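Worksheet: one structure, shown below.
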Amino acid sequence: MNFNLATAELFVPDGLPSDEALARTTHLCFAAHQDDIEIMAANPIITCFQQKDLWFTGIVVTDGRGSPRDDLYKDYTDEDMRVVRFKEQKKAAVIGEYAAQILLDYPSKLIKDGSNKLAVADIVKILKATHPQIVYTHNLADKHDTHVGVALKVIEAVRQLPTDEQPQRLYGCEVWRDLDWMIDDDKVPFDCTTHENLQMALVGVFDSQICGGKRYDLATMGRRKAHATYFASHGTDATTGLSFGMDLTPLMTNSSQDVGAFVQAYIQHFAQEVADRVGKLR
Ligand SMILES: [Zn+2]
């Protein structure tokens with residue numbers, strides 16, 4: 001399979017020919033950076049783990065060249081960092097038994113450019129090769145420009161598919177900003193209770209980022225535990241790990257729906273809930 005950039009890579013952990021590897025995909029995730037998949041899509045990775053008929057494929061859109069670096073990696077050049085981050089992402093694909101891992105290798109600035117459609121074409125090609133049931137990407141209220149850039153390109157791509165080739169659901173997931181603020185009726189909860197050991201391995205393998213001074217491994221596992229306990233104020237915990245999604249499916253099925261207005265509606269639901277409670281109790 002060829003992508004727009006000749007340096008893009010497709011890695012199949014179990015060595016199946018790439019077209020077969022991609023065709024078995026049921027759960028597909030488009031992320032901006034190496035490690036975002038493992039932070040935001042633990043539920044589908046675990047759901048597909050060791051299943052014969054469920055397969056997870058991950059796509060990292062950017063190249064990792066601009067990554068922060070410290071400790072062991074402090075003198076690494078941008079190219080060295082790209083190599084390390086590609087290697088780490090492939091390790092995660094092995095641990096999580098992904099159907100395939102694609103690294104599209106785009107510089108972040110192209111992803112932050114709404115008028116640049118190169119990545120959209122690659123995303124359409126991947127969607128056609130995989131026909132997933134569910135697609136995961138970043139949520140539209142994320143505070144990292146490149147994350148939102150990826151989400152917008154994924155939305156653009158799924159809208160280009162014929163209706164009968166579209167996935168069943170499209171979800172925006174948590175990395176740089178969690179979705180605890182959304183009202184409970186709007187949140188899509190993803191159970192991350194099982195295989196905690198694998199979840200820790202998946203976020204722990206990105207040594208270059210953790211050594212860079214950010215404990216994403218501890219923070220990610222902690223966020224899942226916090227969500228599980230704080231999701232419902234009454235009753236005992238139904239899960240011991242939870243992450244939240246923003247349902248973006250209506251943006252796919254109704255291509256005239258304005259993306260900005262769509263995410264504003266979720267913010268309005270939150271604002272209304274806060275106003276209603278204060279109004280009721282004061
Ligand atoms: Zn990221």
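Here the structure is a predicted model, which means the values were calculated and not measured. Order of listing sets the numbers, starting from 1, for every ligand and every atom in it.
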Worksheet item: How about H33: does one of its N, O or S atoms come closer than 2.8 Å to the Zn ion (ligand 1)?
Response: yes

Practice prompt. Please confirm if an N, O or S atom belonging to D36, backbone or side chain, lies less than 2.8 Å from the Zn ion (ligand 1).
Written response: yes

Worksheet item: Within a reach of under 6.0 Å around CG of N2, are more than 12 heavy atoms found that belong to other residues, nucleotides or ligands?
Response: no

Response to the item:
In H147, the N/O/S atom nearest the Zn ion (ligand 1) carries the name NE2

Item to complete: With the side chain counted from C-beta on, respond yes when H33 and H147 share a heavy-atom pair under 4.5 Å apart, and no when they do not.
Response: yes

Worksheet item: Taking NZ, NE, NH1 and NH2 as the nitrogens, is one of them in D78 or R69 under 4.0 Å from a carboxylate oxygen of the other?
Response: yes

Worksheet item: Would you call D105 and R82 a salt bridge, using N to O less than 4.0 angstrom?
Response: yes

